[in-house]
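Working notes, beginning with the structure itself.
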Amino acid sequence: MPSRRMMGCLFEQGLKMSTLMELGVQVYSNKRDLFFPRYHSNQNQCCGYKRMIVRELPEETVITEQIFPKEAGVLGLFGWNLIPKKATELVITSNEFDAMIIRQETGKPVVALPKGISLLPVEALPLLEQFSKIVLWLDGSGNRSWQAAKIFSRKLDEKRCHLVSPELCPTRALNAFQSGTEVNGIILKARPVSHKSVVTFGSFRSDVLNELTNREDFSGLRWQRFPALNRILKGHRRGELTVLTGPTGSGKTTFLSEYSLDLCNQGLRTLWGSFEIKNSRLAKTMLNQFARKSMQKNVTEFDLWADKFEQLALYFMAFHGQETLDNVFEAMLHAVYVHDIEHVIVDNLQFMMGATNFKTIHDRIVKQDQLIEGFRKFSTSHDCHVTLVVHPRKEMEGQELTAQSIYGGAKASQEADNILILQNNRGKSGLLQGKKYIEIVKNRYDGDLGIVPLSYDKDSQSYVKKERAKGDNTVGATTTKKTGKAAAAFAAAKPSTFTGAATDGATEDEDEDQSLTNRIVI
């Protein structure tokens, strides 16, 4: 049985003990932690679980989550053990507490995704084929949840999917219940997903309203290591194409490594295609940047940081050197479908084309334009941000690069939503003298342009000043203000993006060391 404090937290959320028992939720031996079982094809046998770890400190209650097995195994679905074999309707949530309250209040078949809005496991798709209607009610706070619902509906077949939009209910199911909203009424009002090729204003009216009222949220995921980029680009948005260029040897790959790591560290599922540098060398750079220190000088800490780094939703293409566009696109399509990739990096375009003997320079430029057009279509059709590294033409010594300096025709500058140039200090004086900087010369989102000075630390291979790195090593950290009630932690708890495997029989100290997930402080 859970402790009295735990019971109080659950009851304060509106959950009944009978609901937890029905769904197989168990209490750890310390009477504080909860186990949420997950099931796959065998509804009588648990294939994995999520452990919610509760630690009560003198002035705060800290909740972390662990998922077992890791992503390499079958993750399963919470609540699948109660789904009737002849059921035709299903509700999918991104949180176990939402699933429990929906089950308790409506009795409808409902499941919770194992990693929240970040992943719809491909192995779960065959299980869901029996349903003619699927309602997606994901965590309603934020544009990413709404975008994830639309992406998942494509994998599930849009014809049978209905979405609980932010306009219909701007919050998650548990919060809706606590505010007095009838949960079943919201589910019945869920809107069907329209045909992708035929739309009316009514089908995206809520999107327009959401963008008007939540502009900062719709501007995209914001960088933590490069706050100056937020002031210009406003954020990193899905479905866009970014082109990065700069002189040979200026550090484009090193910058892009940290640029993408910053976003991946916040849960953005990322695929790297490094055609010029081997993945092991790229990963070494990223590990130094992740740890904010030289791993070569701190090799005894390698396992500690490597274990944390391994929890990131970060994938690499197994290509090196020249590769055909068809093979690259096939890998990208697979990654988007199976791993729900949101950001693809291709470094770099010319190296991917290799040393193919083109008859004329014109033929090479035409081929490059075709590649850029292909990446543009991919980013749009799959709602995935693609970042391309493109070499510039040779310019005169001391001359700054511009958007017209990108090698090839005008295709790159025309198709790109954003163009970033890694400039040397040539042609600049004053504060920028002797420094590298990123110049944003195109920003389709709102037109703001500008310069972001860079400060390079050789040991960590980081472009972020050390004083700004303080306290940024916690993976996926999220905090809320102190409320004085442990129940607030359960209300705020969201599915973890980065997870460590739970170990049976582990000590409390070991559990805390393994927990790399959401940290909720109250």
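When a residue number appears, it is its place in the shown sequence, counting from 1. A quick note: this is a predicted structure, and the numbers were derived from the prediction, not measured.
Residues Ser274 and Thr253 form no side-chain contact, since every pair of their non-hydrogen atoms from C-beta on lies 4.5 Å or further apart. Between Val111 and Tyr39, the closest side-chain pair of non-hydrogen atoms is not below 4.5 Å. When side chains are defined from C-beta on, Leu174 does not count as touching Asn95, because their heavy atoms never get closer than 4.5 Å. By the 4.5 Å heavy-atom criterion applied to side chains, Pro192 and His162 are counted as neighbours. By the 4.5 Å heavy-atom criterion applied to side chains, Asp417 and Thr242 are not counted as neighbours. Using a 4.5 Å heavy-atom threshold, the side chains of Met317 and Met332 count as touching. Using a 4.5 Å heavy-atom threshold, the side chains of Met286 and Phe290 count as separate. Residues His236 and Tyr259 form a side-chain contact, since some pair of their non-hydrogen atoms from C-beta on lies under 4.5 Å apart.
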Can you list, pair by pair, the side-chain donor-acceptor contacts under 3.5 Å of residues 74-89, counting residues two or more places apart and other chains?
residue, atom, partner, partner atom, Å
Trp80, NE1, His40, O, 2.9

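A donor-acceptor pair is defined here as one N or O able to donate and one able to accept, closer than 3.5 Å; no such pair exists between the side chain of Glu129 and the backbone of Leu125. Between the Gln289 side chain and the Glu258 main chain, a donor and an acceptor come within less than 3.5 Å of each other. Without hydrogens or angle criteria, Arg269 side chain to His339 main chain gives a donor-acceptor distance under 3.5 Å. Without hydrogens or angle criteria, Arg51 side chain to Gln66 main chain gives no donor-acceptor distance under 3.5 Å. A side-chain donor-acceptor contact under 3.5 Å links Arg237 to the backbone of Ser219. Using modelled atom types, one side-chain atom of Arg38 and one backbone atom of Phe68 make a donor-acceptor pair closer than 3.5 Å. Lys234 places no side-chain N or O within donor-acceptor distance of the main-chain N or O of Gly220, the cut-off being under 3.5 Å. Arg225 places no side-chain N or O within donor-acceptor distance of the main-chain N or O of Trp223, the cut-off being under 3.5 Å. No donor-acceptor pair closer than 3.5 Å links the side chain of Ser280 to the backbone N or O of Lys278. Side chain of Glu105 to backbone of Glu182: no donor-acceptor contact under 3.5 angstrom is found.
Heavy-atom neighbours of Glu167 CD from other residues, nucleotides or ligands within 6.0 Å: above the threshold of 12. Surrounding NZ of Lys377 are at most 12 heavy atoms belonging to other residues, nucleotides or ligands under 6.0 Å away.
Taking CD1 from Ile345 and OG1 from Thr387, the interatomic distance works out to 5.5 Å, rounded to the nearest 0.5 Å. Atoms CG and OG, on Leu120 and Ser153 in that order, are 10.0 Å from each other to the nearest 0.5 Å. The distance from the OG1 atom of Thr106 to the CD1 atom of Ile101 is 10.0 Å, given to the nearest 0.5 Å. Asn279 CG to Tyr315 OH: the interatomic distance, rounded to the nearest 0.5 Å, is 14.5 Å. Interatomic distance, CD of Gln147 versus OG of Ser145, reported as 10.0 Å (0.5 Å rounding).
Counted by atom type alone, Asp139 and Ser94 present zero donor-acceptor pairs between their side chains at under 3.5 Å. Of the N and O atoms on the side chains of Arg281 and Thr285, not one donor lies less than 3.5 Å from an acceptor on the other residue.
Shown here for Phe319 and Asn327, the closest heavy-atom pair between the two residues is CZ-O, 3.7 Å.
Every salt bridge (Lys or Arg N to Asp or Glu O under 4.0 Å) that Asp98 has, sequence neighbours left out, goes to Arg172.
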